[in-house]
Amino acid sequence: MGHGLPMARMSSSRTGRIARLRERWHNASLKTSFMVYMLGFLVAALGLSTVTASVFAALQNEVTADAYEISGLYLVDAEANALVPARSLAIDQAGNELFVQRADDERETIPISNPPASLHVERIQAYTYSYRVETGEEGKLVLEEYFAGSSELSSYEGEDGIAVQDVPAYDARARELFDEWAAENADNPYSAFFDEGADDGAAGGGAGSSRFGDLLVSPIGYYVHSAPSEGASALSTLFGLLTFFMFPLWFGACIFAAARRFYRMRLAPGLSTLDAAASKIADQDLDFSVAYDRADELGRLAASFETMRASLAASQRALWRTAEERKRLNAAFAHDLRTPLTILKGKVELLEAHLQAGDATPEQLASSAASLAAQVERLARYVTAMSGLQKLEDRAVRPAAQPFDAVAGAVDDIGRSLCAPNRTFALSVSARCDAERPELAVDRSLVEEVAENLVGNAARFAVAHVDARMDVRDGFLVLTVEDDGPGFSPAALEQGCAPFFSETPSKDHFGLGLNIAALLCDKHGGSLALGNRAGGGARTTARFALNFPAVDNQ
């Protein structure tokens, strides 16, 4: 029981490390991920190529070992005129050998008179590949040295060994030479096996040989082999090529597998997300979000796509608002034009009637002319107002660094000028702005124009006081204007920023002040809000986006 808590903590710690490793891998860059993939698959390629190359090399060795129809040690049996299978026996440490017929060998006797095709015969002492033993100066292959000095034997040996038809003559002469050498060297290592006077219980098998029962014993042996078949040679070549090409083959396969897995695991999800987003954007469907949960290059690209989508959506909404605003503006303009046009039409018809009747007096003509002139002037003001609204749409906002005191001083001058002489104006600033006096990155002319419209509108309805307040919070310059008048009606709160809306229409005011202020605030990245004070009176709040860090409100 006492070990339960440490074990649990260890398990939790391990789980946490695994989770962190997974998160790092999840957020690793594409370059790092690709290098990891490639390293893993290269190690796999190396391991697989080593294993398969070893398998094919073993198969090649096996095919090569079994490629020869005849292969092994043989003795010449002069009585049978045949080559019989044999095995070697080392008689001393120098490597001198005897060759004994093996009666139980699976190999068959080879008739010399009718040997298999492509048979090669070599004297075993000359076949250095498998049977020659070098022991240094102390031990010498004495028989080999003796035969090496015989030019007669050498005449039988060609590049491909001894011809099969020459083997009996070669063997007989070699045994004669062996007998001569044995007689001259009584202490040779073969004397115990081929003693002239020894009774070994067997008939002699010729010079330099003996028979022990049915077994033939001789110091002269031969390595006999035949060329491999075409099929065995082809398999050996094939396995050799496969052994050589295993690494490039596995390398290519693993590179393909790594690239395919990397694409499927790391590229395909992100590309699919981006492709779907691009298709929707091309169809002008911006009501979605581009979400990709990795922090790699594709994740950053997806984030850029999302930023672009949001920007396009905002632009599309702005264009839609502009189009709707233009529709409302045209509708309001057309509606307000009806009144002066109706009056003009009526005046003109009345004037024509008097002229046709001939009873128009000079006073009537002067009155009609004055009325027509007033309506024409009203139409001219409408056209000027509409022209001003059209220019507002093309107006560019150029923010620049402005001292807080300069902007506040301009707003204060505007307020005092518009409220004098019948109303008072007071401007206040927040505690933080009063202490820090932050630099404002705004279009000062635009801010002043909004202030003129807000203060002018408030002065029209104020009883005695108009108050303004400046603040900087959440990255915006906030200008609030209040008055002590009747406040906004419910209709004005809902439509007060619409063009040509006015609860008290007159020939001098077309209801464009708040609409212009709202358009300018929107151009500066802000907004205009309408409201009423708790104690009575109207409140308008204009916000202008800034380019410096936000300052919290105290």
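Throughout, numbering of the chain's residues begins at 1 and tracks the sequence. Atom set for the values below is all heavy atoms of this structure, side chains included, hydrogens, waters and symmetry mates excluded. It should be emphasised that the depicted structure is a prediction, and the values quoted were computed from it without experimental measurement.
- No more than 12 heavy atoms of other residues, nucleotides or ligands lie within 6.0 Å of CG in Asp287, so this atom counts as exposed by the packing criterion.
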Between Glu448 and Val411, is the side-chain contact (heavy atoms from CB on, under 4.5 Å) condition met? List the steps. CA-CA 6 Å; Glu448 291 177 358; Val411 172; 5.7 Å; no
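- Put simply, the side chain of Asp484 never gets that close to the backbone of Ala462: no donor and acceptor are under 3.5 Å apart.
- Heavy atoms of other residues, nucleotides or ligands lying less than 6.0 angstrom from CZ of Phe288 number more than 12.
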Worked check of side-chain contact (heavy atoms from CB on, under 4.5 Å) between Arg539 and Thr480: CA-CA 7 Å; Arg539 176 190 294 119; Thr480 303; 3.7 Å; yes
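- Taking both residues in full, the closest heavy atoms of Asn457 and Phe461 are given as O-CD1, 3.2 Å, listed atom of the first, atom of the second, then distance.
- A cation-pi contact, defined as under 6.0 Å to the ring centre and within 45° of the axis, is absent between Arg437 and Phe404.
- Between the side chain of Asp443 and the backbone N or O of Arg398, at least one donor-acceptor pair lies under 3.5 Å.
- A pairwise comparison of heavy atoms in Leu418 and Gly456 identifies CD1-N, 3.8 Å as the closest pair.
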Step by step, work out the side-chain contact (heavy atoms from CB on, under 4.5 Å) result for Asp471 and Val429. CA-CA 6 Å; Asp471 192 7; Val429 299; over 6 Å; no
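- At least one donor-acceptor pair closer than 3.5 Å links the side chain of Asn532 to the backbone N or O of Phe488.
- With hydrogens and angles ignored, the 3.5 Å screen pairs a side-chain donor or acceptor of Arg423 with a backbone N or O of Ala459.
- One N or O on the side chain of Asp483 and one on the backbone of Gly485 form a donor-acceptor pair closer than 3.5 Å.
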Between Val442 and Leu546, is the side-chain contact (heavy atoms from CB on, under 4.5 Å) condition met? List the steps. CA-CA 6 Å; Val442 294; Leu546 302 176; 3.2 Å; yes
